[in-house]
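Notes follow the structure.
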Amino acid sequence: MKPTYRAALLVALHLSALYPLALVIWDYHTGGLSANPIEDITRRTGHTAIVLLTVSLAATPARRLTGWSLFIRLRRPLGLYSFFYASIHLMIFIGLDFGFDWELIWLEWPKKRFIVAGLAAYVILLSLAITSPKLMVARLGAAWKKLHRMVYPASIFAAAHFVWLVKGDKTRPMVYAAVIAALLLVRLIPVTAKGRGS
Ligand code: HEM
């Protein structure tokens with residue numbers, strides 16, 4: 001792929017990833033949030049986090065399909081943006097939902113399995129974000145690749161979090177769970193020489 005196309009794709013990625021945040025800020029200032037703004041922002045940031053995580057999982061299958069190594073380069077920024085939104089999501093939950101009442105949070109979190117799953121996904125995303133700089137790749141060597149495979153359980157926990165927190169019609173979270181499951185299953189298909197290297 002030509003360097004100009006590559007640069008354009010990266011710019012498009014950054015703009016698309018920042019757009020949901022810009023929209024939240026815009027809606028906050030223009031009264032565009034719902035009647036329950038905290039819930040609205042929590043849901044929007046959680047939704048963006050899972051979308052970006054899912055798209056990052058699609059990078060390897062996309063590379064296998066096309067042979068374009070560029071898809072692998074998109075995986076890191078996508079994963080970091082997912083972590084970024086998950087962090088805002090968690091901060092809103094802790095700060096605005098619970099008013100930084102750590103005692104209450106400590107009492108509440110083990111009672112709700114959707115919070116346990118969300119926390120598990122977040123802890124993994126945090127460890128992947130901390131070890132994502134190139135310096136860490138060199139330092140950790142083979143262990144880095146093993147650690148970064150933890151993105152698979154992270155996506156399963158994120159899907160479980162979504163499925164469990166929705167009461168009533170679970171179609172939307174089940175669609176995400178199915179897409180994530182499909183993207184994980186695709187990895188079991190033997191790799192051809194064209195798609196190797198991811
Ligand atoms: C400790 C970590 C986490 C906590 C405490 C947490 C908490 C919450 C809460 C309170 C909601 C809103 C429930 C409602 O009122 O409808 C929610 C929704 C959601 N969260 Fe999380 N979350 C966590 C981590 C994550 C992570 C890591 C992801 C994804 C990578 C994620 C994705 C979502 C999604 C997709 C929704 C539903 C959004 C929608 O309705 O469209 N959460 N979370």
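Please read these numbers as outputs of a predicted model, since none were measured by experiment. Read the numbers this way: they start at 1 and go in the same order the structure lists the ligands and their atoms.
Each of Leu13, Leu15, Leu9 was checked for a side chain to side chain contact (heavy atoms under 4.5 Å, CB included) with Val11, and the lone residue meeting it is Leu15.
For the residues Gly118, Ala49, Ser155, the heavy atom positioned nearest atom 24 (C) of ligand 1 is part of Gly118. Considering each of Ala120, Ala158, Ala154, Ser87, the one bringing a non-hydrogen atom nearest atom 29 (C) of ligand 1 is Ala158.
Residue Asp97 places no N or O, backbone or side chain, under 3.5 Å from any N or O of ligand 1. For the pair His47 and ligand 1, the shortest N or O to N or O distance does not fall below 3.5 Å. In terms of N/O distances under 3.5 Å, ligand 1 is not approached by Ser82.
In this structure, a donor-acceptor pair under 3.5 Å is absent between the side chains of Tyr85 and Arg44. Counting only N and O atoms by type, the side chains of Thr171 and Asp169 include a donor and acceptor under 3.5 Å apart. For the residue pair Thr60 and Arg75, a side-chain donor N or O sits within less than 3.5 Å of a side-chain acceptor on the partner.
Looking only at heavy atoms of the protein, atom 18 (C) of ligand 1 is closest to Leu165 CD2, 3.3 Å. For atom 37 (C) of ligand 1, the nearest protein heavy atom (residue, atom name, distance) is Phe162 CE1, 3.5 Å. Of the protein's heavy atoms, Arg43 O, 3.3 Å lies nearest to atom 38 (C) of ligand 1. Of all protein heavy atoms, the one lying nearest to atom 10 (C) of ligand 1 is Phe93 CD1, 3.4 Å.
Ring pair Tyr81/Phe84 is perpendicular by interplanar angle, where above 60° counts as perpendicular and below 30° as parallel.
Residue Gly46 has at least one heavy-atom neighbour below 4.0 Å for each of these atoms of ligand 1: 20 (N), 32 (C), 33 (C), 34 (C), 35 (C). Near Thr42, with a cut-off below 4.0 Å to any heavy atom, the atoms of ligand 1 are 9 (C), 11 (C), 12 (C). Each of the following atoms of ligand 1 lies closer than 4.0 Å to a heavy atom of Leu119: 1 (C), 2 (C).
In this structure, His89 has its ring center no closer than 6.0 Å to that of Tyr122.
Counting non-hydrogen atoms of neighbouring residues, nucleotides and ligands closer than 6.0 angstrom, the OH atom of Tyr176 exceeds 12 such neighbours. The neighbour count for Met174 CE, taken as heavy atoms of other residues, nucleotides or ligands under 6.0 Å away, does not exceed 12.
With a 4.0 Å cut-off on non-hydrogen atoms, Leu90 touches ligand 1 through its side chain and not its backbone. Residue-level proximity to ligand 1 for Arg172 is carried by the side chain, the only part with a heavy atom below 4.0 angstrom.
Taking 4.5 Å as the limit, every side-chain heavy atom of Val24 sits out of range of all side-chain heavy atoms of Ile88.
Under the 3.5 Å distance criterion, the side-chain polar atoms of Trp144 are left unmatched by any main-chain donor or acceptor of Met136.
Centred on atom 21 (Fe) of ligand 1, the NE2 atom of His89 and the NE2 atom of His161 lie at an angle of 180°, reported to 10°.
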